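Note that the coordinates shown come from a computational prediction; the quantities given were computed from them, not determined experimentally. Chain letters run A, B, ... following the sequence lines, proteins first, then strands; residues in each count from 1.
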Amino acid sequence: MDVSDLIDPLNPAQREAVSAPLGHALVLAGAGSGKTRVLTHRAAWLVRVEGATPWNLLAVTFTNKAAAEMRGRIEERLGISRSGLWVGTFHGLSHRLLRLHWQEAGLPQGFQILDSEDQRRLVKRIMRDLELDENRWPVRQLQGFINARKDAGERAEDLDSADPYTGQMARVYAAYEQACRSAGVVDFAELMLRTVEMLQNHLELLGHYRRRFRHVLVDEFQDTNGIQYEWLKLLAGPESDVFIVGDDDQSIYGWRGARVENLERFRKDYSNTRVLRLEQNYRSTRTILDAANTLIARNSDRLGKKLWTEGEAGEPIALYAAFNEQDEARFVVERLMAMVDEQGLARSDIAILYRSNAQSRTFEEALMARRVPYRVYGGLRFFERAEIKDALAYLRLMANRDDSAALERIINTPTRGIGNRTVETLRIAARDQGISLWAAARGLVTHGGGLPARAGNALRAFLDLIDGLAADTAGASLPECMETMLTRTGLRAHLGKDGSERAQDKLENLDELITAAGNFEQDNTAEAEMEPLTAFLAHAALEAGEGQAGAWEDCVQLMTLHSAKGLEFPVVFLAGLEEGLFPHRMSVEEPGRLEEERRLAYVGITRARQQLLISYAERRRLHGRDDFAIASRFIRELPPALVDEVRARFSVTGPTAAGTGPGEGAATATEAEFGLGERVQHSRFGEGIVLDCEGNGPNARIQVNFNSAGTKWLVAAYANLERI
DNA sequence: AATCCCTTTATTTTT
DNA sequence: TAAAGGGATT
């Protein structure tokens, strides 16, 4: 059998992983070590060498993008398409299982999925019903609590209600679950938990899948949470082999429940696990890898891994100490423009990475001022836009009248005379009778019940509108159905009624929704059994779409470090490396959280192929306040020999520029003597803090804020300042 | 029902 | 600073 196409392109470590004998394997794959290739080749190997069929494989990822890529590459290696291969995200696969076995799962056939925003609205609704003070019990906190409990596999009744605090939250959890049940909806965490419970309670199903999935492959294992680990342990039975790939050094989602310990746990739970390491890196220069290795070596409890390359040392890492965030942006943009103009680099080869989203603004302004095309990743996704969610809420209600969350969203959008009073009456009736809002409305309209005539008429008109739409669009195609809905509900007219640009955007988004519905293909067995509308709504919830349009243009890429994971760029600007910002002040206290910040820095550094440029600002305007900052400890943790300090503000000539490490070399004597923020003593003005330095040599001036004498510029040579 | 004004809050995010 | 949400006002 010729498997040279699977084996030849691999290095020895990759080869060992791909062709490992059957059994469990844990592949510790460093950044840029070819883990996706190993995973896909392993899948193909199992079929072509070990005699598995695609039907025997289960491949799990975290994002839809990764799932699509893996499916494509496995099918390519196998020369097949549309086989019985199950590749998907944890949530996508759970969804599929629940659709196939909705009865066993105790769900209505047309159940729908709540996204985070839907969930938050619902939790808020519940808390108002329970008359909880939202200041004492923030909604987001309750939402986080519920999700965290579900991620740990716990139901409300599993919680310790003796503790008053937990007890109160458990009450909300229970009421929320009840509301989800009666509306026939599930949230993201519920997809996982419900699947686990279903398999535990239906051993015949469990046995079936365990017999089927002889080979389970998992990507990004360091990102799994408690329930995902349980899910895997269930589906991979005693006869199955589990092949997992992960990198403890790239675990950056601990704050949302990911458990790096699952890597170790796996090794204990699955006996005879073969542990393999992929340490050869094909992405970055030696300089970049050395920097990354040195930085991450400071973390404790690592599984241990050291990246190496056969490639060139490459450019040193550039470090720029900016005066403020605008100077930082100016430096970044001027540098990248020079690279594009002089080295012929594509703009899309350049990324600006930062710790928090708020930092993007300054870069956007600088880029815009110089007319450099750019793209900011993150932000609102297509299916999360308000107008799209309004439209989807109508569709959800058409598919399932009991979806009270959807009803609440659009019952008075556009305004149709159903105000808060009326809706409140509905809520009370629904709660008292234990029925959905729709059923309550139906009851009030048909039997009367204290509604003013005008409200009753408006409510009847609404009920008739939805019923009429559902009846008239039965059998219509999805786009036709949407078109009818948008017109008859008045939603389109409502959204477009002021002719503003914003309104125009919304109308265009609605058109795009219709297009998306037209392009939507039901492509798997579970969905084939579903109503097209139900399938489309699930698709909208599970795959929220792209963040920003404009990807076709050759754009500079702006994103947070978190969203950069998994990507690579020839040139990376890592901005805002300041204490308090990165590492973030909220994470510096706890050692564990600080180490996660360090891993984030490691992820950022290892995104760069050729060149890495790091910057920080000595003062930064944040929340309307100008603050002084000192360079991030992560800068100090890099090997000085690999870092070239750029001092664009001062044209430095002469022998003082000869050194190399940060803090010397290009830095002037003055700067070496007095760091920003340092406390100094002056013979006349007393104590003060160094704010700024300018110039070098005998002309150097230094700005000091004195406790009593105020802020002054002094000539360093004459000032005779003493460090305190 | 729309508008204004005040308070609050500001890390990271996929499903 | 600035954005978003909530409450009160018109």
inquiry  = Tell me whether A:Glu589 is salt-bridged to A:Arg593, with the criterion being a basic N under 4.0 Å from an acidic carboxylate O.
reply    = no
message = Mind checking if A:Asn412 touches a base, just sugar-phosphate, or nothing, with heavy atoms under 4.0 Å?
response = sugar-phosphate
ask   = With sugar-phosphate meaning primed atoms plus P, OP1 and OP2, does A:Arg621 contact a base, only sugar-phosphate, or nothing at under 4.0 Å between heavy atoms?
value = sugar-phosphate
All N/O pairs under 3.5 Å across the protein-nucleotides 3-7 of chain B interface:
none

message = Whether the side chain of A:Glu220 engages the backbone of A:Phe62 through a donor-acceptor N/O pair (distance < 3.5 Å, no angle test) should be reported.
response = no
inquiry  = Judged by each residue's nearest nucleotide on DNA chain B, which is more toward the 5′ side, A:Met586 or A:His494?
reply    = A:His494
ask   = How long is the line joining CE of A:Met192 and P of B:dT14, in whole Å?
value = 18 Å
Criterion side-chain contact (heavy atoms from CB on, under 4.5 Å) against A:Thr61, the qualifying member of A:Leu39, A:Thr36, A:Thr89 = A:Thr89
Ring centre gap for A:His562 and A:Tyr354 strictly below 6.0 Å = no
query = Out of B:dA1, B:dT13, B:dT15, which has the shortest distance to the side chain of A:Thr560?
reply = B:dT13
key: Face-to-face stacking of A:His91 with B:dT15, centres under 5.5 angstrom, angle under 30°   = no
message = Could you tell me how far C:dG5 sits from B:dT12 if I compare only their P atoms? Round to whole Å.
response = 16 Å
ask   = Which sits closer to the 5' end of DNA chain B, A:Ala541 or A:Ser356, going by the nucleotide each is nearest to?
value = A:Ser356
ask   = In whole Å, what is the span from the CD atom of A:Gln119 to the C1' atom of B:dT14?
value = 13 Å
ask   = What is the nucleic acid contact for A:Asn64, judged by heavy atoms within less than 4.0 Å: base, sugar-phosphate only, or nothing?
value = sugar-phosphate
ask   = What about A:Ser116: does its side chain form a donor-acceptor pair under 3.5 Å with the base of B:dT15?
value = yes
Pairs under 3.5 angstrom only: tabulate donor-acceptor contacts from the side chains of residues 146-156 of chain A to other protein residues two or more places apart or in another chain.
from     : atom 1 : to       : atom 2 : distance (Å)
A:Asn147 : OD1    : A:Gln119 : NE2    : 2.8
A:Asn147 : ND2    : A:Gln119 : OE1    : 3.1
A:Asn147 : ND2    : A:Gln143 : O      : 3.4
A:Arg149 : NE     : A:Glu154 : OE1    : 2.8
A:Arg149 : NH2    : A:Glu154 : OE1    : 2.7
A:Lys150 : NZ     : A:Glu177 : OE2    : 2.7
A:Lys150 : NZ     : A:Asp187 : OD1    : 3.4
A:Lys150 : NZ     : A:Asp187 : OD2    : 2.7
A:Lys150 : NZ     : A:Glu190 : OE1    : 2.7
A:Arg155 : NE     : A:Glu197 : OE2    : 2.9
A:Arg155 : NH1    : A:Glu190 : OE1    : 2.9
A:Arg155 : NH1    : A:Glu190 : OE2    : 3.4
A:Arg155 : NH2    : A:Glu190 : OE2    : 2.8
A:Arg155 : NH2    : A:Glu197 : OE1    : 2.9

query = So, A:Ser632 and A:Glu578: side-chain donor and acceptor under 3.5 Å apart, yes or no?
reply = no
remark   = Taking B:dT11, B:dT13, C:dG6 as options, the one with an atom nearest any side-chain atom of A:His562 is B:dT13
ask   = Salt bridge or not for A:Lys35 and A:Asp247, using N-O below 4.0 Å?
value = no
Spacing of A:Lys565 atom NZ relative to B:dT15 atom P, expressed in whole Å = 12 Å
query = Charged N to carboxylate O below 4.0 Å: is that the case for A:Glu117 and A:Arg409?
reply = yes
note = Taking B:dT14, B:dA1, B:dT11 as options, the one with an atom nearest any side-chain atom of A:Thr63 is B:dT14
query = What's the closest nucleotide to the A:Leu542 side chain, out of B:dT11, B:dT13, B:dT15?
reply = B:dT15
key: Euclidean distance, atom OH of residue A:Tyr377 to atom P of B:dT14 [Å, nearest integer]   = 13 Å
ask   = So, A:Phe111 versus A:Trp102, ring centres under 6.0 angstrom or not?
value = no
query = Which of these nucleotides, C:dA2, C:dG6, B:dT11, is closest to any side-chain atom of A:Arg128?
reply = C:dG6
Spacing between A:Gln141 atom CD and B:dT9 atom P, to the nearest angstrom = 12 Å
message = From the set B:dT15, B:dT13, C:dT1, return the single nucleotide nearest to any side-chain atom of A:Arg381.
response = B:dT15
ask   = Rounded to the Å, how far apart are A:Asn357 CG and B:dT14 P?
value = 10 Å
task = Using a 4.0 Å heavy-atom cut-off across all strands, classify A:Arg593 as base, sugar-phosphate, or nothing.
result = base
task = Would you jot down, in residue-number order, the residues of residues 250-258 of chain A having a non-hydrogen atom under 4.0 Å from DNA chain B?
result = A:Tyr253, A:Trp255, A:Arg256
task = Please round to the nearest 0.5 Å and tell me the distance separating atom CD of A:Glu261 and atom CD of A:Gln222.
result = 12.0 Å
query = Between A:Lys65 (NZ) and B:dT13 (C1'), how many Å, whole number?
reply = 14 Å
ask   = When you compare C:dG6 with B:dT11, how far apart are their C1' atoms, in angstrom units rounded to a whole number?
value = 25 Å
request  = Choose from B:dT11, B:dT13, B:dA1 the nucleotide whose nearest atom is closest to any side-chain atom of A:Thr415.
outcome  = B:dA1
For atom CG of A:Asn135 and atom P of C:dG7, their distance in whole Å = 9 Å
note = When every non-hydrogen atom of A:Phe363 is compared with those of A:Ala575, the smallest separation belongs to CZ-CB, 3.4 Å
